[in-house]
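Report on the structure given below.
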Amino acid sequence: MTLREVASVAALDVEAVRKDFPVLSREVHGKPLVYLDNASSSHKPTPVLDAEREFVEQHYSNVHRGVHTLSQEATDTYENARTTVASFIGGQHDELVFTKNVTEAINLVAYSFGNPGSPVMLGPGDEIAVTEMEHHSNLVPWQMLAERTGATLRWLGLTDDGRLDLSDLDEVVNERTKLFAFTHVSNILGTENPVDVLVGRAREVGAYTLVDGAQSVPHQPVDVVALGVDFFAFTGHKMVGPTGVGALWGRTELLNAMPPFMGGGSMIEVVQMTGSTYAPAPERFEAGTPVISQAIALAAACDYLTELGLDNIKQHEIALTARLLDGLRSLDGASVLGPDTTEMRGSAVSFVVDGVHPHDVGQSLDDLGIAVRVGHHCAAPVCRRYGVPATARASSYLYNTEAEIDVLLEAILQVQAFWGVR
Amino acid sequence: MTLREVASVAALDVEAVRKDFPVLSREVHGKPLVYLDNASSSHKPTPVLDAEREFVEQHYSNVHRGVHTLSQEATDTYENARTTVASFIGGQHDELVFTKNVTEAINLVAYSFGNPGSPVMLGPGDEIAVTEMEHHSNLVPWQMLAERTGATLRWLGLTDDGRLDLSDLDEVVNERTKLFAFTHVSNILGTENPVDVLVGRAREVGAYTLVDGAQSVPHQPVDVVALGVDFFAFTGHKMVGPTGVGALWGRTELLNAMPPFMGGGSMIEVVQMTGSTYAPAPERFEAGTPVISQAIALAAACDYLTELGLDNIKQHEIALTARLLDGLRSLDGASVLGPDTTEMRGSAVSFVVDGVHPHDVGQSLDDLGIAVRVGHHCAAPVCRRYGVPATARASSYLYNTEAEIDVLLEAILQVQAFWGVR
Amino acid sequence: MTESLYQEIILDHYRRPHHKGLRDPFDVEVHHVNPTCGDEVTVRVQVVDGVVKDVSYDGQGCSISQASTSVMTDLVIGKQVDEALTTHEAFLELMQSKGQLEPDEDVLEDGIAFAGVSKYPARVKCALLGWMAWKDATAQAVANTVLDNSKEAS
Amino acid sequence: MTESLYQEIILDHYRRPHHKGLRDPFDVEVHHVNPTCGDEVTVRVQVVDGVVKDVSYDGQGCSISQASTSVMTDLVIGKQVDEALTTHEAFLELMQSKGQLEPDEDVLEDGIAFAGVSKYPARVKCALLGWMAWKDATAQAVANTVLDNSKEAS
Ligand SMILES: Cc1ncc(COP(=O)(O)O)c(C=O)c1O
Ligand SMILES: Cc1ncc(COP(=O)(O)O)c(C=O)c1O
């Protein structure tokens, strides 16, 4: 561990943080819960739950449509939440659309781009580019868009050590490419992608870029302007916020040039039976009653993370990830899928234990109180690429401790013993 | 008031109910809050908030993807919520898709019906039928679908007393009609539509039916099987549940014959870079992390309403609505848009005060502590049909009292005095 | 009742609006709608030699939108276009101030009565309806003049 | 560790599976996948005169899916199709019982070891993978026979 890492671990008072998460004092099968399934979803701290509850109990109403006091309070609180969440990633109020999760945010762009009046009319001969490490939520919407429009889907492959194979970049992203969608940090490999290189190439060929920030925003400072992307999407439940809320950030003039996705209340300007006109962004993309109290809770989550400091959180995770990677490396019969150092890497660590199916690994770890995720992690092509049916994945977050990493490493030995592979 | 109504008011212990809603003891501008904006959104009782919080604090995890204990608890709770919500409207577990609101539920059908592989391939010459009293959320998605596919949108008009004009039914819903979407109860007129007649006609011509139950499910017992519809959609925040959750009910074989709407995690079967296959319903339509804690809260809301009794709630509202309609009738210079008796009618009462713009009515009532909604209530064509720019709308629910109705009626007199129209 | 919002000045303009009714001659006519509440206004503008010669209007809407349109006509008619746009800016700023700005009576005259409206986000759009329509019409009128001049010049 | 789920019987079948490896002759071969975890199984079935003559399989997956497929082969091979389907029903019912059912050892033999699995919804699909594939293959085999017979008859 470097000096900087030691300092940062101290900068985050993990014991104090843990007190904000009641579930962390739970026992599972008589053992203290070790929750290492954060890449799938994180827990929510008391201040976030309290902020939502206070709003719902005292200031709740539908937004945007009323002159009465509660309606004005609710609208103010909701729109302030938009500002908070937008600035959390370096964006402006009007650039941020609230969705129910990042999956909806990505589908929003995929559908809007295929709807009449889209700034890019996709058709046969046009291409959409993705990568082989995408979460299904940043892959299937583009497959569906390609199917609807006749466009072709292409993808960047992966290297053996879990990085994007950039040797193909100029071919995969080319003059025919209209949109390049890729993940900031992989949820299965942990890989952080070189956004600058990818955006640079997209700009050369005039393709729009969409970055899936589901695994970066919770864990590290993000600035969409510095990244230079056109769209950036993320999700609330992985960043100590509630389920039921995500966000799409987009450049205002681009959002305003796009046709709507869903139709309904609040996204309209003038509605006649014979046809309708639409409100400007972000309202244009928030049909129906928005995810009001969830957006407000997400803003509270942003405040919570900001107060602790995203840099501190990142450094803390680097320390934990280094410890886990080191531990797995020195363990016979276990191997890591994805980068094996903390360089350009998030905290999700996929591993396989030779001779024990990941499901059995996960189940056995659960018996020891440890929650890890097993399966293809909604990134089946990655498993196929590396020739495994599934993996076990441990992913740490701000409330995890080095002691918990050690409990996991020790437990893997027990699992091996139980399954007779040691 | 009839004897039956008197009995039913007693059957609902409104004072006890009110204690479950902290906001109802708030003051607004120094006056006790009189919340009559329930058609827009209802408040949420403590038991519902507690149920969600208990889940989030002790049993939270992402669902469907894990073998660890929290994941199993979360999955069980979420799937049990599905059963509860489905049976609340007389449906089965697998027939119910959770969405973020009713607007998404309707867009889901509108997009799926236009996607490759749809059970109905819409094109020029085909027709979609709606009514002139639809909420924008049950109108704009069909306008957009018509635009995408070249199909024609037709609609049933309204009579002067706020009912559907059924004389046109056989013409508007005809052999070319592929889908007939209409609201169960109007959010602006209060009208309850004769579902049996409308579904009967749709069946004659082989059109699918979708009923928007946003304004019926919170207020009266609903049985989708008895109604004989193909799709039924409703929304959580109007039925003492949270924002961020709605539901689409559909017949299983129909849902399973439909292509997906959004693509992403959890809705897939086998994903390859070159193409994917999809899970059966309801998962097929729940892309990404679902609205987990919101669905669980909605189930708690269903339990809450069931315990009080939907019949009791309905009878209570009939009493309040009768009192309000009577009061407005005997008030000079005020008139009601929509049915003026409680016959086949919900509790939303739109009215205009001669000589005072609805916005000024609403603002002035707010000064007296009364929350009503003003505007076109996301049903602009209805305002146009009746030649008003907007209306004020008072809509009562289980926690409102006769005394509150009287406060409103008295306040309207004050508003008239202030604006010099009395 | 509603004292902070409904100032006497507002009520006066609402009850006895100034310059209401569409008039000839005019250069440009625009029609603006507030989609959230259905309020509408039609505004006609005549610009002569860089001066706002006349503004007339008709519309339907709440007291706030009607009164603020009336106040607007008082404030812009007879002013240089530049000056009138500055007044427009000042009113816009006041409306976006969420009650935090002390309005300048020298600039906004009766318009200061709308300071309270800025605390009611749902009503700000009402107060701006006529102003936005006027700005739109005036910009078009000015653009047409430039176009006409350049035509003549060429 | 994990005693309730990983019964000795299950571990035995997992370590030393019965009837594993694809064999000839067979009537129908099917390939089933559990999409949530990537487990796969290929099952071959031979039905002769209404009797499940042989079942062979290959696959990859967790201990539960492998062991339960092994147990399945023991339970259906040599049985009348009807009888085998009844056993299938009994196993399905056990898996859906959420730990509430006392399994009948006379019917399910080693299969009773899976009673605990029914308490783990995420694993129920694993336990059913081979069984579902077998049912599918058998139904096809029976349908083919009926088809062949009717062809011959006509
Ligand atoms: C009849 C009707 N349909 C649809 C909606 C839209 O509901 P939501 O905004 O929850 O999607 C509403 C309420 O706003 C409604 O009253
Ligand atoms: C990289 C990535 N993209 C997209 C998603 C989908 O997020 P959600 O399920 O919240 O839509 C996830 C998480 O599941 C993810 O890790």
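Basis for what follows: all heavy atoms, side chains included, without hydrogens, waters or symmetry-related copies. In what follows, chains are A, B, ... by sequence order, proteins preceding strands, each numbered from 1.
Residue contact with chain B, scored on non-hydrogen atoms closer than 4.5 Å, involves the backbone and the side chain of A:Gln58 alike. Within the 4.5 angstrom heavy-atom criterion, no atom of A:Leu145 approaches chain B. For A:Val130, the part lying under 4.5 angstrom from a heavy atom of chain B is the side chain only. In this structure, chain B has no heavy atom under 4.5 Å from any part of A:Phe21. For A:Val372, the part lying near chain B is the backbone, with the side chain staying farther off; criterion is any non-hydrogen pair under 4.5 Å. Both the backbone and the side chain of B:Met273 come within contact range of chain A, with heavy atoms under 4.5 Å apart. Contacts between A:Leu49 and chain B at a heavy-atom distance below 4.5 Å involve backbone atoms as well as side-chain atoms. Both the backbone and the side chain of A:Met262 come within less than 4.5 Å of a heavy atom in chain B. Contact of A:Thr235 with chain B is not made at all, since no heavy-atom distance falls under 4.5 Å. For B:Thr131, the part lying under 4.5 angstrom from a heavy atom of chain A is the backbone only. In this structure, the portions of A:His59 lying under 4.5 Å from any heavy atom of chain B include both its backbone and its side chain. For B:Ile292, the parts lying under 4.5 angstrom from a heavy atom of chain A are both the backbone and the side chain. Contact of A:Glu104 with chain B is made through backbone and side chain together, with heavy-atom distances under 4.5 Å. Contact annotation for B:Asp50: both backbone and side-chain heavy atoms come within less than 4.5 Å of a heavy atom of chain A. Looking at A:Asp20, neither its backbone nor its side chain comes within 4.5 Å of chain B, counting heavy atoms on both sides. Residue A:Asn115 touches chain B through its side chain alone, counting heavy-atom pairs closer than 4.5 Å. Residue B:Val245: no heavy atom, backbone or side chain, is found under 4.5 Å from chain A. For chain A, the nearby part of B:Val28 is the side chain; its heavy atoms alone come within less than 4.5 Å. Looking at B:Leu33, only its side chain comes within 4.5 Å of chain A, counting heavy atoms on both sides. If you measure heavy-atom distances from B:Ser42 to chain A, the contacts under 4.5 Å come from the backbone alone. Neither the backbone nor the side chain of A:Glu286 comes within contact range of chain B; no heavy atom of the residue lies under 4.5 Å from a heavy atom of that chain. Contact of A:Pro260 with chain B is made through backbone and side chain together, with heavy-atom distances under 4.5 Å.
Considering only residues two or more places apart in sequence or on other chains, B:Glu57 meets the salt bridge (Lys or Arg N to Asp or Glu O under 4.0 Å) condition with B:Arg53.
Looking only at side-chain heavy atoms (C-beta outward), A:Asn107 and B:Tyr111 stay at 4.5 Å or farther from each other. Looking only at side-chain heavy atoms (C-beta outward), A:Tyr278 and B:Val140 come within less than 4.5 Å of each other. Under the 4.5 Å side-chain criterion, counting only non-hydrogen atoms from C-beta, A:Val271 is in contact with B:Pro381. Counting only heavy atoms from C-beta outward, the side chains of A:Arg373 and B:Ser71 approach each other to under 4.5 Å.
What you find for B:Gly265 and A:Ser137 is that their closest heavy atoms are N-OG, 3.0 Å. When all heavy atoms are compared, the tightest approach of B:Gly288 to A:Thr103 is CA-OG1, 3.2 Å. Counting all heavy atoms, side chain and backbone alike, B:Pro116 lies closest to A:Glu147 at CB-OE2, 3.6 Å. Scanning all heavy atoms of the two residues, the minimum distance from B:Pro141 to A:Gly264 falls at CD-N, 4.4 Å.
Across A:Gly114, A:Ser41, A:Ser25, the residue that shares the most heavy-atom pairs under 4.5 angstrom with chain B is A:Ser41. Looking only at heavy-atom pairs under 4.5 Å with chain B, the residue among A:Met267, A:Met144, A:Arg26 that has the most is A:Arg26. The candidate from A:Glu52, A:Gln143, A:His29 with the greatest count of non-hydrogen atom pairs under 4.5 Å with chain B is A:Gln143. Note on A:Pro22, A:Gly362, A:Gly246: by heavy-atom pairs under 4.5 Å with chain B, the leading option is A:Pro22. Comparing A:His377, A:His237, A:Arg148 by heavy-atom pairs within less than 4.5 Å of chain B, the highest count is held by A:His237. Heavy-atom pairs under 4.5 Å with chain A peak, among B:Ile370, B:Asn138, B:Thr99, B:Asp37, at B:Asp37.
The aromatic rings of B:Tyr60 and A:His43 stand perpendicular to each other, their planes meeting at an angle above 60°, with 30° marking the opposite boundary. Note: B:His68 and A:Tyr35 have perpendicular aromatic rings, judged against thresholds of 30 and 60 degrees for the angle between ring planes.
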A:Val67/B:Asp366 under side chain to side chain contact (heavy atoms under 4.5 Å, CB included): CA gap, chis, key distance, verdict: CA-CA 8 Å; A:Val67 299; B:Asp366 183 60; 5.6 Å; no
Test side chain to side chain contact (heavy atoms under 4.5 Å, CB included) applied to B:Val291 and A:Gln294, step by step: CA-CA 10 Å; B:Val291 294; A:Gln294 292 73 32; over 6 Å; no
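Using a 3.5 Å distance cut-off with no hydrogens or angles, the side chains of B:Thr243 and A:Thr289 do not pair a donor with an acceptor.
The OG atom of A:Ser40 sits 11.0 Å away from the CG atom of B:Leu70 when rounded to the nearest 0.5 Å. Separation of atoms NZ (A:Lys44) and OG (B:Ser293) is listed at 7.5 Å; rounding is to 0.5 Å. The distance from the CG atom of A:Asp367 to the OG1 atom of B:Thr69 is 7.5 Å, given to the nearest 0.5 Å.
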